[in-house]
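This report refers to the structure that appears directly beneath it.
In what follows, every chain begins at residue 1, and chains take the letters A, B, ... in the order their sequences are listed.
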Amino acid sequence: MALTREQIARRVARELKDGYYVNLGIGIPTLVANYIPDGIEVMLQSENGLLGMGPFPTEDEVDPDLINAGKQTVTMATGAALFDSAESFAMIRGGHVDLTVLGAFEVDTEGNIASYLIPGKLIKGMGGAMDLVAGADNIIVTMTHASKQGESKLLTRCSLPLTGKGCIKKVLTDLAFIEIKDGRFHLLERAPGVTVEEIIRLTAGELVVPASVPEMQFD
Amino acid sequence: MAGLNKVVSSYTEALAGLEDGMTLIVGGFGLCGIPENLIREIKLRGTRQLTVVSNNCGTTEHGLGILLHGRQIKKMIASYVGENANFEAQMMSGELEVELTPQGTLAEKMRAGGAGIPAFYTATGYGTEVATGKEVKQFNGRHYILEESIRGDFALVKAWKADSYGNLVFRKTARNFNPLAAMAGKITVVEVEQIVPPGALDPDEIHTPGIYVDRVIVGQFEKRIEQLTTRSAAAQV
């Protein structure tokens with residue numbers, strides 16, 4: 001079975017390490033905050049100017065001056081710091097963030113990512129995504145493996161305008177955990193109940209499949 | 001105005017000199033920390049053909065979005081313009097010129113503009129449409145693009161507190177682009193929740209020194225929330 005949004009978030013959370021500063025993008029990446037493993041301490045960065053993002057507020061705690069990059073009301077964790085947008089992106093561009101998790105429309109075997117613009121359709125803008133992919137060394141992209149029509153989003157070349165060039169090394173889809181290196185996709189793990197054949201069928205770019213592909217673990 | 005006293009008493013006075021065709025740099029992230037009354041005053045004045053530099057363009061009915069109703073904005077420089085039906089319609093029809101700019105690049109363009117730095121190299125946007133027509137240079141084997149800084153005829157800023165000299169303190173994530181906008185305006189106008197006498201702010205706690213600020217006005221704020229998200233009080237136990 002394809003992973004649910006929550007399962008994708010749980011699998012990503014296993015990549016968190018003690019002491020990490022982490023930026024979580026909008027959508028599925030935000031859910032990762034719900035699954036931080038016990039016994040490790042991480043600090044969440046929100047690019048609108050908050051290091052140390054806490055959980056959503058109770059109704060009594062809501063403060064219109066305290067939001068995350070998705071414009072949702074949030075709280076501050078103990079030890080949080082506040083700063084302006086230039087300082088926030090100094091952290092991001094300066095490579096100070098240990099892990100970035102963000103969504104995408106497409107990725108390709110060269111590590112390119114397209115996530116912000118569908119010409120003629122959706123006009124939203126890149127927000128901080130171009131800065132995040134250019135500034136971070138350790139990025140995990142979360143996305144569905146294929147469109148609802150069954151078209152692969154893991155391509156030889158992205159067809160949509162790029163958010164970043166040659167910057168993506170890890171992709172977690174609803175079907176598989178994939179590494180990008182040497183101009184190819186490499187299958188690391190498969191979702192429980194998903195066959196290697198199905199992953200091969202829905203991956204358009206060249207995919208290297210090892211003799212044995214372990215099933216994903218969540219805890 | 002006398003001496004270093006920057007306080008003005010009306011929004012008309014706050015925006016004196018604003019003319020058609022000018023460039024405005026506006027603070028805020030979504031609807032958080034926006035100079036909402038100054039934006040309303042621009043709507044009332046009917047100033048047109050504006051170039052607006054701001055992270056977002058408000059929502060359909062709030063913030064900078066209200067300036068789209070009367071087509072007062074000619075060109076928008078922003079990083080993210082979702083949540084705004086008029087924006088998308090005017091952009092698709094070609095009435096509104098849009099320069100999508102990465103958020104960090106936008107912040108740095110304002111900061112650099114205010115700091116007298118005409119341009120800077122950044123890796124952000126290399127190999128993307130953002131790099132079109134821009135100089136590319138390699139440093140230590142990595143590609144960077146040259147981005148020019150921005151200055152505005154006016155900067156519109158929202159702060160929490162000011163003293164009458166224009167020293168500013170922001171509150172929580174309502175700070176965002178505001179200190180950078182404040183640096184980048186030829187005339188910087190700040191609206192605040194309270195004005196205190198000089199000396200009442202701890203000099204160590206001032207986020208934006210008054211040298212960047214030309215006019216200060218005290219206003220009442222709606223502080224509209226874009227995405228009210230809560231957890232139940234029970235769930236936290």
Side-chain angles (χ1 to χ4, degrees), chain A residues 46-50 53 55-76 80 82-93 110 112-114 116-117 120-135 161-167, chain B residues 29-33 55-56 78-83 87-88 91-92 98 100-108 110-112 122-131 143 160 170-180 207-208 221-233 235-236:
Chain A
S46 189
E47 65 264 27
N48 57 315
L50 170 61
M53 185 166 53
F56 295 127
T58 61
E59 278 182 34
D60 294 342
E61 291 171 334
V62 167
D63 182 342
D65 287 340
L66 187 56
I67 63 169
N68 65 16
K71 289 142 193 162
Q72 296 170 307
T73 45
V74 291
T75 58
M76 291 186 283
L82 294 156
F83 34 85
D84 68 49
S85 299
E87 176 97 53
S88 182
F89 282 91
M91 296 173 193
I92 291 165
R93 294 163 174 237
E110 293 297 325
N112 300 324
I113 173 172
Y116 83 101
L117 185 70
K121 278 191 190 166
L122 189 67
I123 296 161
K124 285 194 171 175
M126 67 291 282
M130 281 194 183
D131 304 282
L132 283 159
V133 297
L162 296 185
T163 307
K165 193 172 165 65
C167 49
Chain B
F29 187 98
L31 298 179
C32 181
N55 189 52
N56 315 94
S79 86
Y80 186 84
V81 293
E83 282 81 63
F87 193 98
E88 197 159 327
M91 180 172 173
M92 297 300 260
V98 181
L100 289 175
T101 302
Q103 198 173 130
T105 296
L106 190 63
E108 195 64 18
M110 293 182 194
R111 199 197 69 80
T122 177
T124 300
Y126 168 70
T128 75
E129 288 185 355
V130 166
H143 292 92
W160 180 32
F170 301 92
R171 187 169 177 277
K172 299 185 178 171
T173 56
R175 193 182 324 180
N176 56 62
F177 282 82
N178 280 298
L180 314 164
H207 296 130
T208 293
F221 296 87
E222 181 190 358
K223 292 196 185 180
R224 196 174 180 87
I225 294 172
E226 223 169 306
Q227 304 278 347
L228 179 64
T229 313
T230 58
R231 71 192 141 106
S232 69
Q236 86 185 112

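The closest side-chain heavy-atom distance from Thr105(B) to Met130(A) is not below 4.5 Å. Residues Glu108(B) and Phe89(A) have side chains not in contact (no heavy-atom distance under 4.5 Å, counting atoms from C-beta outward). Using a 4.5 Å cut-off on side-chain heavy atoms (C-beta onward), Met126(A) and Val130(B) make contact. Looking only at side-chain heavy atoms (C-beta outward), Lys165(A) and His143(B) stay at 4.5 Å or farther from each other. Between Arg231(B) and Thr58(A), the closest side-chain pair of non-hydrogen atoms falls below 4.5 Å. By the 4.5 Å heavy-atom criterion applied to side chains, Thr128(B) and Thr163(A) are not counted as neighbours. Proximity of Ser85(A) to Leu180(B): side-chain heavy atoms (C-beta onward) are separated by under 4.5 Å at one or more points.
When Gly127(A), Gly166(A), Gly70(A) are compared by the number of non-hydrogen pairs under 4.5 Å with chain B, Gly127(A) comes out ahead. In terms of non-hydrogen atom pairs under 4.5 Å with chain A, the most contact-rich of Cys32(B), Gly127(B), Ala78(B), Pro102(B) is Pro102(B).
With a 4.5 Å cut-off on non-hydrogen atoms, Leu228(B) touches chain A through its backbone and its side chain both. In this structure, the portions of Glu47(A) lying under 4.5 Å from any heavy atom of chain B include both its backbone and its side chain. Heavy atoms closer than 4.5 Å to chain A are found nowhere in Asn55(B), neither backbone nor side chain. Contact of Asn68(A) with chain B is made through the backbone alone, with heavy-atom distances under 4.5 Å. Of the atoms belonging to Thr101(B), it is backbone heavy atoms, and not side-chain ones, that fall under 4.5 Å from chain A. With a 4.5 angstrom heavy-atom cutoff, Ala114(A) does not touch chain B via any of its atoms.
Pro64(A) approaches Ile225(B) most closely through the heavy-atom pair CB-CG1, 3.7 Å. Contact detail for Asp131(A) and Gly104(B): the closest heavy-atom pair is OD2-N, 2.8 Å. Heavy atoms only, all atoms of each residue included: Gly128(A) and Gln103(B) are closest at N-NE2, 3.5 Å.
To the nearest 0.5 Å, atoms CD (Glu226(B)) and OG1 (Thr73(A)) are separated by 11.5 Å. Rounded to the nearest 0.5 angstrom, Met110(B) CE and Asp84(A) CG are separated by 11.0 Å. In this structure, CZ on Phe83(A) lies 11.5 Å from CG on Asn176(B), to the nearest 0.5 angstrom. Note that CD of Gln227(B) and CZ of Phe56(A) are 9.5 Å apart. Values are rounded to the nearest 0.5 Å. The structure places CD1 of Ile92(A) at 9.0 Å from OG1 of Thr124(B), a figure rounded to the nearest 0.5 Å. Taking NZ of Lys172(B) as the start and CG of Leu50(A) as the end, the distance is 10.5 Å to the nearest 0.5 Å.
Arg175(B) contributes no side-chain N or O that, together with a main-chain N or O of Gly49(A), makes up a donor-acceptor pair within less than 3.5 Å. Side-chain atoms of Asp65(A) do not come within 3.5 Å of backbone N or O of Arg171(B) as any donor-acceptor pair.
A cation-pi arrangement is found for Lys71(A) relative to Phe29(B), the charged atom lying closer than 6.0 Å to the ring centre and inside a 45° cone about the ring normal.
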